[in-house]
Amino acid sequence: MSVRVQPELRSQLIQFGIGDWNACYHCGTCTAQCPLSEEGFLFPRKKIRLMQMGLKDELEASVEPWLCYYCGDCSTSCPRDANPGELMMSLRRYLTSIYDWTGLSKKFYTSELWELGFIIVFAILVVLSFLVLLPSMGYHFTRELTAQGGVQLNAFAPIHVVETFDWCMAAVVASLLISNILRMYYKIIWKYGNMKVSLWVHIREFWLLIFNFAVQPKFNKCDDKRYWLSHWFLMSGYTIMFIVIVVYLPWFQTQKILPIWHPQRLLGYYATFGLLFGLFVAIIGRIQRKDVKFLFSHISDWLFLAMLTLTAITGILIHIFRINGMPLATYISYITHMAVLVPMILIEVPFSKWSHLAYRPFAVYFQQLKRYAVPRESGHP
Amino acid sequence: MEDILQDSSVKVADSLVVGGGIAGLEAALNLANTGQQVVVVEKDLSVGGRMIHLSKVFPTLDCSACITTPKVSEAARHPHINIITNCELKQISSDENSYWHVRLQINPRYVNESLCTGCQDCEEACPVVVRDEYQYNLVGRKAAFIPFSIASPRVAAIDIDNCILCGACEKACGPGAIDFSQEPVQTEWVVKSIIIATGFKLFDSDKIIRYGSGKFKNVLTAMQMERQLVPTRPFNTVLRPGDGKIPEKIAYVLCTGSRDESVGNPICSQICCMYSIKQAQLLLGALPMVDVTVYYLHIRAFGKGFDEFYQQAKMMDVNFIKGKVGRIRELENGDLVVRYEDIASGQVMEATYDLVVLSVGILPNMDVEKIAGLETLELDPFKFLNQRHEMTNPFKTNLPGIFMAGTASGPMDIPDSILSAGAVSALVNKYNKQLLETTVNSLEITSWND
Amino acid sequence: MSGKTIDIIKQKIKVPDALRQRHKEYLALRKRIREALADGEATIPEIAAKSGVPADQVVFILMTMRKYNEVVAGEMNDDREYYYYKLKADE
């Protein structure tokens with residue numbers, strides 16, 4: 001296999017993060033003390049080497065960046081201050097942009113204008129659809145509804161319209177994400193190296209994907225165990241929220257206010273708590289900058305946190321206003337909620353930080369496939 | 001304790017040397033041999049510095065003490081050299097004639113130096129045992145003690161911080177040299193020039209927590225291993241301090257605290273590669289069955305005969321593995337598992353050793369700039385003394401009349417320290433003579449910016 | 001200087017309690033090690049097991065005793081891993 005050396009790789013990568021990666025003198029301290037680095041999948045040093053050598057194809061075929069959970073021990077112990085942990089983070093951003101065939105991911109990661117612009121455009125579209133589109137379809141807004149008395153949430157935001165929109169959005173996001181995962185698979189397994197993985201191995205090891213998605217066991221292998229729990233709460237909270245608002249919206253968004261012990265409310269409260277706890281830990285961490293993992297915050301990190309926090313707060317507000325019978329406040333909160341939620345899902349999940357929800361478990365799955373790969377007899381496909 | 005006696009008489013010398021290590025003594029001897037009067041001040045109880053505690057020197061494997069002690073005794077007996085131990089510099093200032101006024105405080109050792117015969121009866125009588133700093137804490141010493149067998153002056157001292165005031169030493173002392181009534185004495189010296197030869201500090205390996213230094217009993221610093229290899233070694237053989245086992249597998253971790261931004265010392269200490277290779281060879285001599293592995297980043301064998309010395313170690317079957325140890329963990333039996341990335345094979349490996357030696361690096365001795373009057377002394381980016389210009393104006397500080405010798409200016413090995421002391425003595429000699437001529441008419445010191 | 005200068009310094013400084021405590025502890029440990037050696041020579045792990053003093057402290061104290069001629073080293077044990085030590089008085 002021919003190897004193409006691309007020395008411009010470093011200047012491309014530096015757009016995705018901060019680090020003096022050329023300073024590395026290859027002592028191996030980082031790799032030797034990383035509890036997640038394992039035989040056949042060693043990092044960070046080897047990734048730094050690839051970066052320094054400009055071996056773009058090899059880097060793009062790496063699963064290792066997704067196996068790193070950024071405890072930051074490598075960066076604190078690096079004798080050259082080369083910041084290997086941040087390189088792994090930057091590689092995750094870079095790989096996200098590489099898997100994405102639309103090219104939008106790269107724009108979002110390297111240009112604040114693009115990312116903010118997209119968010120604002122989508123937010124405006126959401127607001128407009130409530131103010132213009134729905135009324136034009138015959139759904140009356142605020143005053144008439146308020147005049148009827150009480151919070152008429154399902155009349156204001158008709159459940160079947162919102163549900164249809166939800167499903168459309170989910171379909172768009174899913175197709176983008178799935179196509180990106182296929183590209184990831186192509187780069188990591190299909191294209192790279194003379195190896196073959198049997199269909200049976202694909203099926204047999206699939207549980208790893210589910211397991212890693214649900215539990216993030218690798219995160220808990222870091223020496224610093226503090227963040228696994230808060231991340232798990234955030235993740236599980238959001239997953240529950242996502243499932244109930246997309247799949248079970250008619251069950252979740254009811255006109256009637258159900259008793260407090262009802263699963264609908266309990267699930268909602270758990271998800272809210274999980275979200276807030278995870279967000280609190282992450283935001284405080286990024287403000288305090290005491291841990292290496294929070295030392296270098298990219299704009300995408302802050303935007304993600306800001307949007308998720310706004311979504312959670314507006315969600316809580318909807319709930320409070322609704323049970324207190326405050327229609328206008330409820331509706332305004334609802335519009336704001338949607339105006340943040342929609343761009344967040346459309347931008348963050350397929351193109352930006354949130355895509356790691358798919359790439360991380362898939363990377364573990366692909367890592368396992370690589371372990372069971374057998375050499376291909378006759379060259380490349 | 002605070003009644004400090006003032007010695008009213010001001011004493012005069014040509015030069016004052018700060019630090020009685022090999023560089024300071026060499027400079028003092030050179031100057032004294034040209035007829036200059038030199039006073040050497042040493043904060044420790046004995047002169048000899050680091051070198052007097054070493055086993056052999058690289059790459060010749062000459063006995064280190066056998067080179068140091070003749071110089072020490074020559075300096076001690078020299079009619080033009082006045083050595084003052086156990087003393088600290090309090091203040092340095094210059095007068096209108098560009099002479100330096102140095103105020104010293106000689107701390108009490110509670111032993112009358114002229115009466116003490118060095119018989120060690122006090123040491124035998126003393127009931128208190130504390131860690132012996134001259135054996136790098138591997139063994140104990142008494143609170144009344146002779147610092148080490150080849151100390152100069154070979155005079156006892158009382159470690160008053162650890163003394164239980166039982167008076168046993170005083171009773172035991174035949175010549176009646178023990179004197180608890182001693183007080184600190186301050187004196188003032190007027191000199192033309194000062195040579196700072198304060199040497200270096202060793203990196204405190206406890207700062208690298210992942211190596212377990214200070215916690216795991218069988219992780220040693222290289223100086224502790226060095227002491228295990230000298231004739232006056234603490235265990236009379238090489239043993240591991242955790243349980244007295246004779247080690248069979250020993251690992252060296254190079255660049256501990258050197259070339260390491262994470263501990264704030266980005267530069268190479270210049271000696272660790274070679275002293276580790278030396279110790280490896282000596283260990284093979286001391287323990288014929290031992291396996292020694294050296295974990296290195298780059299072996300810097302830059303001096304005359306260094307590479308041959310390195311190759312010789314390889315031929316003696318010392319293992320060299322490229323890769324910095326990432327972590328050390330301790331097993332229940334006291335063995336140590338080092339985890340490293342073997343850079344040559346690209347694999348993360350673990351290996352078990354009886355003993356791990358951390359080849360600690362050299363740090364600047366920051367005590368000098370704390371002396372009143374020396375705050376304006378210029379330092380280089382690594383906090384060693386700044387030379388005006390390494391090529392055109394070496395070994396001169398920014399303050400006229402203040403020179404430097406040895407590792408005060410940066411990491412260097414023993415031959416280079418001695419060389420620098422030789423160079424400095426020539427410069428100082430010239431400076432002292434010139435100052436004598438110029439002070440009569442002019443205060444300009446033209447030679448400083450040569 | 002004749003007489004007792006120790007009385008002069010006693011008026012100036014006091015021995016810290018922590019120091020006295022450390023000294024006592026040292027003497028107690030040394031006593032236990034001496035007792036462990038009372039029956040004859042032993043290796044450091046044997047002394048540690050007998051006396052209950054942690055092995056690293058046995059090394060430190062025993063080697064200090066060796067330095068001050070209270071203890072002498074003997075032969076290696078059969079595994080050639082440890083030396084035997086015995087009290088000087090045994091000779």
Side-chain angles (χ1 to χ4, degrees), chain A residues 18-53 55 58-59 62 64 67-68 71-88 221-224 291-292 295 367 371, chain B residues 203 205 207-213 251-269 272-273 293-300 320-329 336-351 356 358-361 381:
Chain A
I18 300 160
D20 189 10
W21 304 313
N22 272 355
C24 169
Y25 62 21
H26 300 278
C27 65
T29 302
C30 51
T31 305
Q33 61 158 327
C34 174
L36 293 166
S37 198
E38 48 192 303
E39 202 182 326
F41 301 90
L42 294 175
F43 61 88
R45 186 190 70 83
K46 285 194 174 180
K47 300 298 127 181
I48 297 180
R49 189 83 181 139
L50 294 181
M51 188 281 301
Q52 286 179 338
M53 303 284 284
L55 296 174
E58 298 219 16
L59 260 188
S62 300
E64 289 86 347
L67 307 178
C68 158
C71 67
D73 283 355
C74 54
S75 289
T76 33
S77 62
C78 175
R80 296 285 297 155
D81 258 352
N83 219 340
E86 185 62 13
L87 174 79
M88 299 304 282
K221 269 175 76 183
C222 285
D223 281 355
D224 187 346
D291 284 354
V292 189
L295 207 51
Q367 178 193 24
R371 285 203 181 99
Chain B
F203 173 73
S205 52
K207 286 189 179 146
I208 304 181
I209 292 154
R210 60 185 191 280
Y211 286 169
S213 167
Y252 275 82
V253 181
L254 291 191
C255 293
T256 304
S258 307
R259 302 176 70 197
D260 190 341
E261 297 268 10
S262 74
V263 296
N265 183 28
I267 58 171
C268 171
S269 292
C272 322
C273 285
T293 304
V294 178
Y295 292 92
Y296 70 99
L297 296 182
H298 311 94
I299 293 290
R300 294 188 162 172
F320 287 87
I321 295 178
K322 185 170 167 65
K324 188 161 178 173
V325 169
R327 279 183 187 193
I328 298 175
R329 71 169 199 275
L336 300 154
V337 180
V338 305
R339 189 177 157 88
Y340 61 100
E341 185 183 3
D342 179 4
I343 304 296
S345 72
Q347 292 303 316
V348 169
M349 313 273 225
E350 289 198 336
V356 173
L358 302 177
S359 299
V360 290

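Per chain, numbering begins at 1; letters A, B, ... match sequence-line order.
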Salt bridge (Lys or Arg N to Asp or Glu O under 4.0 Å) between D260(B) and K207(B), intermediate numbers included: CA-CA 12 Å; D260(B) 190 341; K207(B) 286 189 179 146; over 6 Å; no
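- Of the possible donor and acceptor atoms, none in the side chain of D224(A) sits under 3.5 Å from a partner among the backbone N and O of C71(A).
- Interface with chain B: from residues 78-86 of chain A, residues C78(A), P79(A), R80(A), D81(A) qualify, criterion being any non-hydrogen pair under 4.5 Å.
- Applying the salt bridge (Lys or Arg N to Asp or Glu O under 4.0 Å) test to residues at least two apart or on different chains, the pairs with a partner in residues 18-46 of chain A are E38(A)-K218(A), E38(A)-R371(A), R45(A)-E341(B).
- No donor-acceptor pair under 3.5 Å is formed between the side chain of Y211(B) and the backbone N or O of V356(B).
- D73(A) has a carboxylate O that lies under 4.0 Å from a charged side-chain N of R327(B), or vice versa, which qualifies the two as a salt bridge.
- If you measure heavy-atom distances from S77(A) to chain B, the contacts under 4.5 Å come from both the backbone and the side chain.
- Within residues 22-34 of chain A, the residues approaching chain B closer than 4.5 Å by heavy atoms are, in numerical order, Y25(A), H26(A), C27(A), G28(A), T29(A), T31(A), A32(A), Q33(A), C34(A).
- Going from atom CG of L254(B) over to atom OG of S359(B) covers 4.5 Å, rounded to the nearest 0.5 Å.
- Of all heavy-atom pairs between S75(A) and V292(A), the closest is CB-CG1, 3.6 Å.
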Trace of the side chain to side chain contact (heavy atoms under 4.5 Å, CB included) decision for K322(B) with H298(B): CA-CA 7 Å; K322(B) 185 170 167 65; H298(B) 311 94; 3.5 Å; yes
Check against side chain to side chain contact (heavy atoms under 4.5 Å, CB included), L59(A) and L50(A): CA-CA 6 Å; L59(A) 260 188; L50(A) 294 181; 3.8 Å; yes
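- R339(B) touches chain A through backbone and side chain together, each having a heavy atom under 4.5 Å away.
- Residues forming a ring pair (Phe, Tyr, Trp, His ring centres under 6.0 Å) with F203(B) (at least two apart in sequence, or on another chain): none.
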